[in-house]
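Reading through the structure tokens given below for one structure.
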Amino acid sequence: MAYTRFGEFMRILRIKHHQVMGDTAKLLDVKTPFLSAVENGKKNVPDKWFDIIAKEYSLDINEKQELLEAIEESKTQIKIDLISCENYQRETALAFQRSFNDLNEEEAKKIMKILGKDCY
Amino acid sequence: MDYRTNSATRKDIRLLSRLMRKMFGYNNSERIYPLLLLDRLKDVFPGTNWEVVEDNELPENVAAECVPDVNWNFKIKIKESVYDKAYSYDDGASNDHIVHEICHIFLFKIGYMPIVTREYKNCELRCYESVEWQAKALCGEFMIPYEETINMDRNEIKKRYGVSSSQSYYREKKIK
């Protein structure tokens, strides 16, 4: 695994502020292996980290947006609430989950197009 | 375990240490801070990654390791206890363990790569053609600027440059 976008964001932030991973771990009140695992994409970024990081480094509005996007893109798992949805939505989500690992690039692009999203 | 590589003398290694300092943005005299090097790895050696892992993820007698992937991009893994000692106490031995792995990457990238796939037991090879000796020597030369430490004793070297007792002892011995 390589750095996620979040890991890269934090790496650059630390270089700018002449800090090391241990400083970030202390700030976030976590052990260094946990932080390292998050930055390497093995674990999700905990929700409360955004506010702590934004406040500590006095991020401006653009930097906050960049951090938000970095956290979003670095997710290792996503959850969909199936409790309050229609049957057709539930079936779509479950079908997507079952076939996700077998999706090829062409199929993924078609799905993105249906959803009205830009292709990667 | 060790591997044979192209030979390099201590003087060669000393010259290379200056190049390595320059690559990381240090001049030939200032003190190196290993933990700061880690976040710079990706800029100096593109494709390189590193992580701190829980102690039980590495063998008991291994403080840190450097492993290539199929494309010869390297990943350094450092034990939590080693990182924490370097961070909390500026522990010389821990600093050395970290820089040692970075030295492996530098040496590989500039051509001192294993030239025989056979593994050797430690101390089986002549030192100047040993991957492990070269990394250890480079670590010492990189961390302890030669000209700056001519009149220093080992304790002063250890304190000023944050290196292990063995590295500072070696430097003091060689200068005298």
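Here is how names work: the chains are called A, B, and so on, in the same order as the sequence lines, proteins then strands, and each is numbered from 1. As the structure is a prediction and not an experimental result, all values here were calculated from the model.
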query = Are A:Met112 and A:Leu103 in one and the same hydrophobic cluster, where Ile, Leu, Val, Met, Phe, Trp and Tyr link if side-chain heavy atoms are under 4.5 Å apart?
reply = no

More than 12 heavy atoms of other groups within 6.0 Å of A:Ile61 CD1
no

If you draw a 6.0 Å radius around CG in A:Asp60, do more than 12 non-hydrogen atoms from other residues or ligands fall strictly inside? yes

Is there a side-chain contact between A:Val20 and B:Leu38, using heavy atoms and a 4.5 Å cut-off?
no

For the pair B:Asp39 and A:Arg14, find out whether any cationic side-chain nitrogen is under 4.0 Å from an anionic carboxylate oxygen. yes

Query raised in the report: More than 12 foreign heavy atoms under 6.0 Å from OH of B:Tyr26: is that the case here?
Result: yes

B:Tyr83 side-chain N/O to A:Met21 backbone N/O, donor-acceptor pair under 3.5 Å: yes

Does atom NZ (B:Lys109) have a neighbourhood of more than 12 heavy atoms from anything else shown, all under 6.0 Å?
yes

- Greater than 12 external heavy atoms within 6.0 Å of B:Lys158's NZ: yes

Notebook entry, point to check: Are the side chains of B:Tyr87 and A:Asp23 in touch, meaning some heavy atoms are under 4.5 Å apart?
Noted result: yes

Notebook entry, point to check: Honestly curious: do B:Ile110 and B:Ile76 fall in one hydrophobic cluster under the side-chain, below-4.5 Å linking rule?
Noted result: yes

Under a 4.5 Å heavy-atom criterion, the part of residues 52-60 of chain B in contact with chain A comprises B:Val52, B:Val53, B:Glu54

Shortest non-hydrogen pair, A:Gln19 vs B:Leu36, comes out as O-CD2, 3.7 Å

Whatever's closer than 4.5 Å to a heavy atom in chain A on B:Asp69 counts as neither

Applying a strict 4.5 Å limit to non-hydrogen atoms, the region of A:Glu39 in contact with chain B is neither

Residue from B:Thr48, B:Asp84, B:Asp43, B:Ile78 scoring the most non-hydrogen pairs under 4.5 Å with chain A is B:Asp43

Residue pair A:Glu8, B:Lys42: steps toward the side-chain contact (heavy atoms from CB on, under 4.5 Å) verdict: CA-CA 10 Å; A:Glu8 181 64 12; B:Lys42 197 182 160 195; 2.7 Å; yes

- With hydrophobic residues grouped by side-chain heavy-atom distances under 4.5 Å, do B:Ile32 and B:Leu19 end up in a single group? yes

Report task. Group every Ile, Leu, Val, Met, Phe, Trp and Tyr by side-chain heavy-atom contacts under 4.5 Å, then state whether B:Val44 and B:Trp72 land in the same group. Result -> yes

- Do other residues, nucleotides or ligands put more than 12 heavy atoms under 6.0 Å from the CG atom of A:Asp29? no

| request: Report yes or no: do B:Tyr89 and B:Val163 belong to one cluster of Ile/Leu/Val/Met/Phe/Trp/Tyr joined by side chain heavy-atom distances under 4.5 Å? | output: no

Check your understanding: Any side-chain heavy atom of B:Glu51 sitting closer than 4.5 Å to one from A:Lys42?
Key -> yes

